[in-house]
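Okay, structure first, notes after.
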Number of protein chains: 2
Amino acid sequence: MRSDIEIARAASKRPIQQIGQTLGIGAGDLVPYGHDKAKVSQPFIDSLQGRPDGKLILVTAINPTPAGEGKTTTTVGLGDGLAAIGKKVAVCIREASLGPCFGMKGGAAGGGRAQVIPMEDMNLHFTGDFHAITSAHNLLAAMIDNHITWGNALDIDIRRITWRRVMDMNDRALRQITTGLGGAANGYARETGFDITVASEVMAILCLARDLADLQDRVGRVVVAVRRDGTPVHARDLKADGAMTVLLRDAMQPNLVQTLEHTPAFVHGGPFANIAHGCNSVIATATALKLADYVVTEAGFGADLGAEKFMNIKCRKAGLAPACVVLVATVRAMKMNGGVAKADLGAEDVAAVTVGCANLGRHMDNIARFGVPVIVAINHFTGDTAGEIAAVQDFVAARGTRAILCRHWAEGSAGITDLAQAVAEVADAGVADFAPLYPDAMGLADKIDTVARLIYGADRAVMDDRIRDRLLSWEAEGYGDLPVCMAKTPYSFTTDPGVRGAPTGFDVPVREVRLSAGAGFVVAICGEIMTMPGLPSAPAAERIGLNAAGQIEGLF
Amino acid sequence: MRSDIEIARAASKRPIQQIGQTLGIGAGDLVPYGHDKAKVSQPFIDSLQGRPDGKLILVTAINPTPAGEGKTTTTVGLGDGLAAIGKKVAVCIREASLGPCFGMKGGAAGGGRAQVIPMEDMNLHFTGDFHAITSAHNLLAAMIDNHITWGNALDIDIRRITWRRVMDMNDRALRQITTGLGGAANGYARETGFDITVASEVMAILCLARDLADLQDRVGRVVVAVRRDGTPVHARDLKADGAMTVLLRDAMQPNLVQTLEHTPAFVHGGPFANIAHGCNSVIATATALKLADYVVTEAGFGADLGAEKFMNIKCRKAGLAPACVVLVATVRAMKMNGGVAKADLGAEDVAAVTVGCANLGRHMDNIARFGVPVIVAINHFTGDTAGEIAAVQDFVAARGTRAILCRHWAEGSAGITDLAQAVAEVADAGVADFAPLYPDAMGLADKIDTVARLIYGADRAVMDDRIRDRLLSWEAEGYGDLPVCMAKTPYSFTTDPGVRGAPTGFDVPVREVRLSAGAGFVVAICGEIMTMPGLPSAPAAERIGLNAAGQIEGLF
């Protein structure tokens, strides 16, 4: 079996203009970045507004386990599968972050015969979107400190500046720093730090903004600090919103690439899936829906985090409504949810699979709460036995839904046409009746509690008076109708990453809440969330380099 | 008169493939970035190696004054002028830095009717080269701290890490910082800081490397710290050179754009002109010389810094030899050199012009020391009188050289054909006999002294024993054959920015020396050098934004 990178390199890429043509985008409406990447121009996007939308299909998954689920692989494979059965389709996924590629390994887009290419570019600078976000974020940071240095006319409380800086690098030494040392010429000393770029609120804003005007509005609303009198300081108070928008102008245009089978793929934006909502940009999804009859997209982590935020944040705010959800599961992951250790996954264990399906079942129930039909995709792994596969299929069938075995990793579109047919039928049937889980008008604390109870299966969300008071004060300031963005471990329905399956009888403690006024959500942090990763003892960077043929080695 | 940006916006840009065609670059050998920018592909560059070189013309200037000289404008105008008289020509200039655009104003490439376009892109992210340099630089920084965190097998002296971080932003708060605060998980506390990206040694390396293999060698040689035993730690000891090269792979390919008159312009690299050598990349210049009969390039600051480094660092190391130097002067700058204040420049003062020509004269003498013929370009400003112009021309004629009045700012190529004709004649005559000012074998202290005496007109370079010992130790380590890179004020031949004209009877004190082992020079710092600018009290960023037509306002 060839490696992902070998398959990707052997692929015959088509010129990006040809990929655009399959969606009716003329060469002049593409802004090329090399011969295999392009942005879709803003004027062209504007010209699409009157058109009807295609059908939106969300690919999500059970809670991730070390066994791997292949959510992106299935997203890409389903796109190719729909194309193979003659549908006009586009895939929408997130961009990869540069920094982590030098830690463990690159975040390749898919795998096996279901990949998006060019893989190297997507793991490196791509079209520069993340660099633009880094620049815009750090310009605002520089303008805050500069404002204070020149007299602090806004009376910013320098002890309470919440806007940090960002870098697209795993650099733990920057998590907590003291800036402005060295005397008067360098400003004033204060504590702050860097987050990784994907954790920037600017990233979340770019992914939720409808257009550049909306982007600028949102950037202007960002809260960066409080004044001595306790009132918030916004980016617009520093007059930073215009320049930040200029820095983001090109980045706002969605990127078009292709799958191994030449299906058009929009790869745009990549917000964290914990302190942000974890989906590709609204503008990419909205554009794809105007151009294709079926749009296959994915959300970060498992359905408890990714699909919940996709529905409650992205779809609610962007007026999107999924026609069908594909829930990816694997026999191996079901086994781990059933109590089998990773080292023992090689042995058949039908009973463990059946026990582990409880995790799958709760995710199916959760998706039903949003009024959207669900199909389970069993992403086939070598070593899965017929009995194990049947156990998953029986479990799902007993709930009146189909679980369809998919071999796209090994076979490409030929291995996933059954799922594609089923998805197209369900989407075309128009049975979805999407609604978010809670109304805008519900109180912020109640929204957090609702997600904890209805999605996680918890008894309640627990928060102390300090946090409740903070939420009440935001409601008083007019932020009460925002959705909540839950930041908890993706590995469990609970806040304990070691608890698999479908646990009950637990609380969800809320440690901290943060207002992302520009992105438009209130973050509820339940547990430790790392916003600046570190490098491991032997980082991948040590093995990355160009080979004699000028190809990149070690990135994957 | 229309503003630069109005002229640039009104320009009819040709598709970049058409610009490439004028140099014989096929569309497949260009890597497009949009429709008006492209990189020239590495395989195409490799294919040029057997070809003869065109003639290299350096545009440099007198010491800059607040009156403005128009060096880049003249570089661009001369390119257009040579094209207008039927020559096959290319322009080579530096890329602009993003950070300073948000402080004062954008570094537009040229002005009036002599500009390189697209202006907005060149002042923003352009093709992402500077972002790639930032990433490569900061990856190395992260790997240093990471290495120490995981046990410090190299025994790095954490008090003596010289590799800082970089950001393409004017952010004074980052000049001096403490990192690694917050406990064991975040590493160890130490003092460090950020420089602006153009000050990165990686920038200098990219601009001096012949190819990617040379780039990786140079990156590997970078000295980042010393061990406890005093021996240097190199980037290759941390195994960072391969990954850094991967990050720089695309950035290494030169960028092609066009002038307002559609002359091909390579815009690539932008090292500081004080702690680095201040010229566009070797690979851009070398590629242009293979493709055009005449290549017009420029060097940073005045000829005492820019041309000296162009000759002694870039030409020496890259095997380049200029055929002709154009020295840009203005009547207004001569007047200021003659003692007139900026506010009084409006009044005719022939006597002051004549006195001020002493500055021009010393630069002419200096260029002659390199064996290269010089032509003076008088960049015409409205308000220059016939008498003042004649005074400059008489001064130059008395030295056996021509001073040619140029009106390219107002008229484009039509205003500069006289200079173009003269330059082509001199270059074609083959009278240049280029040699660097000092041999490789000269001692480092003597090299510094040689530049101070022969170029600046000083009595001597002054340095204390600590500095001399440092230079001797580098010679013992094998760095003795490197050229020196002088970092001093550009506003004077002396180290006092207030001293204009052609002063004598002064010393050049060397405050500090630094080894740039990867770039391949020893920096001699004479005076205060700022490597991280700050924003002014009312930064340009506050006025930058998109207008109703989606155009960028306030950047220029």
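What you see below is based on every heavy atom in this structure, not just the backbone, and it leaves out hydrogens, waters and symmetry mates. Letters A, B, ... are given to chains in the order of the sequence lines, protein chains preceding strands, and every chain is numbered from 1.
Considering all non-hydrogen atoms of both residues, Leu535(A) and Met143(B) come closest at CD1-CG, 4.1 Å. A pairwise comparison of heavy atoms in His131(B) and Ser135(A) identifies CE1-OG, 3.2 Å as the closest pair. Looking at every heavy atom in both residues, Trp150(B) comes nearest to Pro536(A) through NE1-C, 3.5 Å. The minimum heavy-atom distance between Thr179(A) and Ala173(B), with the atom names listed, is CB-O, 3.3 Å.
Proximity to chain A (any heavy atom under 4.5 Å) is shown, for Thr127(B), by neither the backbone nor the side chain. Met167(A) touches chain B through its side chain: at least one heavy atom from C-beta onward sits under 4.5 Å away, while N, CA, C and O do not. For Leu247(B), the parts lying near chain A are the backbone and the side chain together; criterion is any non-hydrogen pair under 4.5 Å. Only the side chain of Arg249(B) comes within less than 4.5 Å of a heavy atom in chain A; its backbone stays farther off. With a threshold of 4.5 angstrom between heavy atoms, Met532(B) does not approach chain A through any atom at all. Only the side chain of Thr149(A) comes within less than 4.5 Å of a heavy atom in chain B; its backbone stays farther off. Interface remark: Asn146(B) contributes backbone and side-chain atoms alike to the contact with chain A (heavy atom separation under 4.5 Å). The parts of Tyr33(B) that come within reach of chain A are both its backbone and its side chain, each placing non-hydrogen atoms under 4.5 angstrom from that chain. Residue contact with chain B, scored on non-hydrogen atoms closer than 4.5 Å, involves the side chain of Leu212(A) exclusively. For Asp168(B), no part lies near chain A; criterion is any non-hydrogen pair under 4.5 Å. Within the 4.5 angstrom heavy-atom criterion, no atom of Ala548(B) approaches chain A. Heavy-atom distances place the backbone of Ala27(A), and not its side chain, under 4.5 Å from chain B. Neither the backbone nor the side chain of Ala240(B) comes within less than 4.5 Å of any heavy atom of chain A. Using a 4.5 Å cut-off between heavy atoms, His125(B) contacts chain A through its side chain alone, with no backbone atom that close. Only the side chain of Phe194(B) comes within contact range of chain A, with heavy atoms under 4.5 Å apart. Contacts between Leu238(A) and chain B at a heavy-atom distance below 4.5 Å involve the backbone alone (N, CA, C, O).
Top candidate by heavy-atom pairs under 4.5 Å with chain A, chosen from Leu124(B), Asn138(B), Val31(B), is Asn138(B). Contacts with chain B were tallied for Asn186(A), Ile544(A), Ile177(A), Val246(A); Asn186(A) has the most, counting heavy-atom pairs under 4.5 Å. Listed options Thr245(A), Thr178(A), Leu98(A), Asp171(A) were ranked by heavy-atom pairs under 4.5 angstrom with chain B; first place goes to Thr178(A). Each of Ala538(B), Pro539(B), Ser537(B), Ala142(B) has some count of heavy-atom pairs under 4.5 Å with chain A, and the biggest count is that of Ser537(B). The most heavy-atom pairs under 4.5 Å with chain B, out of Ala251(A), Gly182(A), Ala38(A), come from Gly182(A). Ranking Ala132(A), Ala540(A), Gly534(A) against chain B, the residue ahead of the rest is Ala132(A), based on heavy-atom pairs under 4.5 Å. Residue with the most contacts toward chain A among Gly28(B), Gly187(B), Gly34(B): Gly34(B) (heavy-atom pairs, distance under 4.5 Å). Interface check for chain B: of the options Ala213(A), Ala243(A), Pro32(A), the most heavy-atom pairs under 4.5 Å are formed by Pro32(A).
At most 12 non-hydrogen atoms from other residues, nucleotides or ligands lie less than 6.0 angstrom from CD of Glu191(A).
The main-chain N or O of Leu174(B) is never found under 3.5 Å from a side-chain atom of Arg165(A) such that the two would form a donor-acceptor pair.
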Candidate pair Arg172(A) and Asp145(B), rule side chain to side chain contact (heavy atoms under 4.5 Å, CB included), full reasoning: CA-CA 8 Å; Arg172(A) 69 171 66 74; Asp145(B) 282 323; over 6 Å; no
